[in-house]
Amino acid sequence: MSDVKPPPSAASPGALSVQTLNKRADFLRAASARRVPMPAFLLQARKRAEGEAEGIRVGYTCSKKVGNAVARNRAKRRLREIARAVLPSQGVPGWDYVLIGRREATATRPFTELQDDFARALAKVHQ
RNA sequence: GCGGAGGGCUGGAUGGCCGCGGCGCGACUUUGCGCAGCAAGGAUCGCACCGAGGAAAGUCCGGACUCCCUGAAGAAACGGUGCCGGGUAACGCCCGGGCGGAGCAAUCCGACGGACAGCGCCACAGAGAACAGACAGCCAUGCUUGCAUGGUGAUGGUGAAACGGUGGGGUAAGGCCCACCGGGGCCUUGGCAACAGGGCUCGCAUGGCAAGCCCCACCGGGAGCAAUGCCGAAUAGGGACCGCGCUACGGGGGCUUCACCCCGCGGUCCGGGUUGGCAGCUGGAACGUGUCGGCAACGGCACGUCGAGAGGAAUGGUCAUCCAGAGGGGUCCGCCCCUUGGACAGAAUCCGGCUUACAGGCCCUCCGCGCAU
RNA sequence: GCUGCUGUAGCUCAGAGGUAGAGCACUCCCUUGGUAAGGGAGAGGUCGAGAGUUCAAUUCUCUCCAGCAGCA
């Protein structure tokens, strides 16, 4: 807040832009690629073909198995929050990521641990 | 003080830091006209404001609003409602009253019309389960002394239920007679009505089930915002059947006419394509306060307020302090310290209800018991 | 979001207001040298849950709870 920088002249594409997945086909393709299980979520990821889309894309899945509407929304929000915190620095452009919530665990695991889990899962999926 | 009944309100608070959705303004940027600028857009940035519930839930009722069908109304069919009166846009909801039941009471509960309009069912047991009839028994008469005829329905056993109940008198026995209770009919008084009170009369014509069919009264056309309308893109410029036109128009062969072919219009179905945008989309039978009418539900009037509009779907993450709550410890009994920790649950066209889920907290009214006065 | 449908034995399904059944599967026995088939016997059920009507409810009525479909 100290120095108000002038408005950016152009929307910076590339590493910093994170888009949200919302097509069923994208989810299906990601599901058939690599997956890394974690105590509070499951990460699926795939490297897109050339020219398909730009930047990092991420999707969230919380099915009815997670719980009622309140539990599902809460899990989705926490997943969004860790993605916002971790992906700009540790995500790789050209990849699609899908985060899948788990019952109880996604909502109750301490936030810092959840964040560390995600960082470790990303490292593992990139190898 | 203890126990209980009814109703209402509330559904953690404050502040950092980082984020999300909407709308407005500004910046930046794209496109078009054109070049002062204007219009439309943007997945970017900044600022300001707003941003879940009492149930947003279940989708059980009732509407508004759209589309479809239909000449109007009515009937039939089907479905629903069901004591009476009122409230309401409407309701299966709410209020008041009646009747029945529970409770010492406050109060609570009740699908609560009709069983002489008709049909049906009532297993097992039992003599008999519904216009009665007679297994045992009892009584009388007859005599071939254990049978016949007649009377009786008080007694027995069965059953959920047995053609009123209890008591007394009389009789061979028995509503045969009487009293009370219960019931039917008629009249009458009060009440808008449900119904209640009173009088007279009838020895008593007579189970239950209508959440069985049904009768009576009243209500209801069908589908749903994924409705529906518009724009764009893309594919096909299709196929089948029916009806109409059957050459008046267009095209073809043809000099022209007739005739023939392609075909034209409408409807239904099938096949193929698109899963984009905008509208519908939130100011309303709205909410708050006051006042008037009404026992009340509710209504009238006046003033004030604007309170989410997403679209793979926004309210979050984290930290600190406080406030309830729970556990432990200390205590000068005022309290202090540590740990833990926040019910049910998330708008999706919008309203009125019902039902179901719910940690706690606060307030009001009333009843019973105990104590004191 | 809206609209339907279904819950009965381990599985697939019947069922009428009066004692819950069928087929497959399971257990035991017979048959066979042995297995399969066949025959006989047996076990297994809060009829999804809770209220109500009825003398009596799995069945009738209401309210919940699950599961499965359809609609752009």
Side-chain angles (χ1 to χ4, degrees):
Chain A
M1 293 300 284
S2 56
D3 58 332
V4 178
K5 54 184 176 183
S9 57
S12 56
L16 283 176
S17 76
V18 176
Q19 295 182 20
T20 306
L21 288 178
N22 56 12
K23 285 274 192 294
R24 176 174 166 79
D26 289 330
F27 280 90
L28 291 177
R29 274 196 288 271
S32 58
R34 307 175 171 197
R35 53 181 64 194
V36 177
M38 278 291 164
F41 60 87
L42 174 72
L43 175 70
Q44 299 173 336
R46 105 188 146 100
K47 188 171 169 57
R48 286 192 304 274
E50 285 299 316
E52 200 179 324
E54 289 185 348
I56 302 171
R57 299 199 303 179
V58 62
Y60 313 93
T61 298
C62 288
S63 71
K64 275 205 171 161
K65 272 187 279 184
V66 174
N68 60 17
V70 174
R72 288 200 302 274
N73 285 343
R74 168 170 236 88
K76 227 184 290 181
R77 283 194 293 255
R78 300 195 85 205
L79 291 179
R80 261 201 293 269
E81 201 63 24
I82 60 169
R84 193 171 65 85
V86 174
L87 273 183
S89 58
Q90 301 190 40
V92 176
W95 283 65
D96 282 354
Y97 304 98
V98 172
L99 286 161
I100 299 173
R102 288 188 196 274
R103 189 179 188 83
E104 295 287 314
T106 307
T108 56
R109 190 163 175 84
F111 189 71
T112 52
E113 292 180 32
L114 200 63
Q115 238 172 315
D116 293 345
D117 287 348
F118 186 45
R120 252 180 287 127
L122 278 178
K124 203 165 172 185
V125 83
H126 295 139
Q127 286 190 349

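Letters go in sequence order (proteins before strands), and every chain restarts at 1. A quick note: this is a predicted structure, and the numbers were derived from the prediction, not measured.
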Does [N] have a Watson-Crick or wobble mate here (both distances under 3.5 Å), and if so which one?
N      : answer
B:A102 : B:U107
B:U235 : none
B:A129 : none
C:C28  : C:G40
B:G74  : none
B:G370 : none
C:C60  : C:G52
B:A326 : B:U339

Rounding to an integer number of Å, can you tell me how far [X] [atom1] sits from [N] [atom2]?
X      : N      : atom1 : atom2 : answer
A:F111 : B:G19  : CZ    : P     : 13 Å
A:N73  : B:A57  : CG    : P     : 14 Å
A:L87  : B:C18  : CG    : P     : 21 Å
A:I56  : B:A43  : CD1   : C1'   : 15 Å
A:E81  : B:C17  : CD    : C1'   : 12 Å
A:K76  : B:G346 : NZ    : C1'   : 12 Å
A:R74  : B:A314 : CZ    : P     : 13 Å
A:Q115 : B:G317 : CD    : P     : 14 Å

Nearest-nucleotide wise, let me know which of A:T112 and A:T61 is further upstream toward the 5' end of RNA chain B. A:T61

Quick check on RNA chain B: between A:A71 and A:Y60, whose nearest nucleotide comes earlier from the 5' end? A:Y60

Please give the distance between the [atom1] atoms of [N] and [M] as a whole number of Å.
N      : M      : atom1 : value
B:A132 : C:G7   : C1'   : 48 Å
B:C306 : B:U30  : P     : 41 Å
B:G114 : B:A194 : C1'   : 16 Å
B:G85  : B:C109 : P     : 23 Å
C:G23  : C:A9   : C1'   : 12 Å
B:C335 : B:U331 : C1'   : 8 Å
B:U305 : B:C219 : C1'   : 40 Å
B:G243 : B:C255 : P     : 38 Å

By the rule that syn is within 90° of 0, classify the base conformation of [N] as syn or anti.
N      : value
B:A205 : syn
C:G50  : anti
B:G54  : syn
B:G207 : anti
B:G307 : syn

Measuring from the side chain of [X] (C-beta onward, heavy atoms only), which nucleotide among [options] has the closest atom?
X     : options                : answer
A:R84 : B:U318, B:G316, B:G346 : B:G316
A:N68 : B:G346, B:G316, B:U318 : B:G346
A:R80 : B:G346, B:A313, B:G317 : B:A313

Is any side-chain heavy atom of A:R109 less than 4.5 Å from a side-chain heavy atom of A:D117? yes

Quick check: does any side chain N or O of [X] sit under 3.5 Å from a backbone N or O of [Y], one acting as donor and the other as acceptor?
X      : Y     : value
A:R46  : A:D96 : no
A:R35  : A:L42 : no
A:R102 : A:A75 : no

Hey, is the side chain of A:R77 poking within less than 4.0 Å of OP1 or OP2 on B:A314, counting only N and O atoms?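 It does not, given that no N or O in the side chain of A:R77 lies less than 4.0 Å from OP1 or OP2 of B:A314.
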
If the cut-off is 4.0 Å, is A:R78 near the phosphate of B:U318, judged by side-chain N/O to OP1 or OP2?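 Yes, within the criterion.
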
Please step through side-chain contact (heavy atoms from CB on, under 4.5 Å) for the pair A:T106 and A:V66, ending with a clear verdict. CA-CA 9 Å; A:T106 307; A:V66 174; 5.9 Å; no

Might you confirm whether atom CZ of A:R80 has over 12 heavy atoms from other residues, nucleotides or ligands at distances under 6.0 Å?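 More than 12 within 6.0 Å, yes.
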
Lys/Arg-Asp/Glu bridge criterion (N-O < 4.0 Å) met for A:R78, A:E81: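 Not counted as a salt bridge, because no side-chain N and carboxylate O are separated by less than 4.0 Å.
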
Show, in sequence, the C-alpha distance, side-chain angles and deciding distance for A:I100 and A:Q44, and conclude whether the side-chain contact (heavy atoms from CB on, under 4.5 Å) test is met. CA-CA 8 Å; A:I100 299 173; A:Q44 299 173 336; 3.6 Å; yes

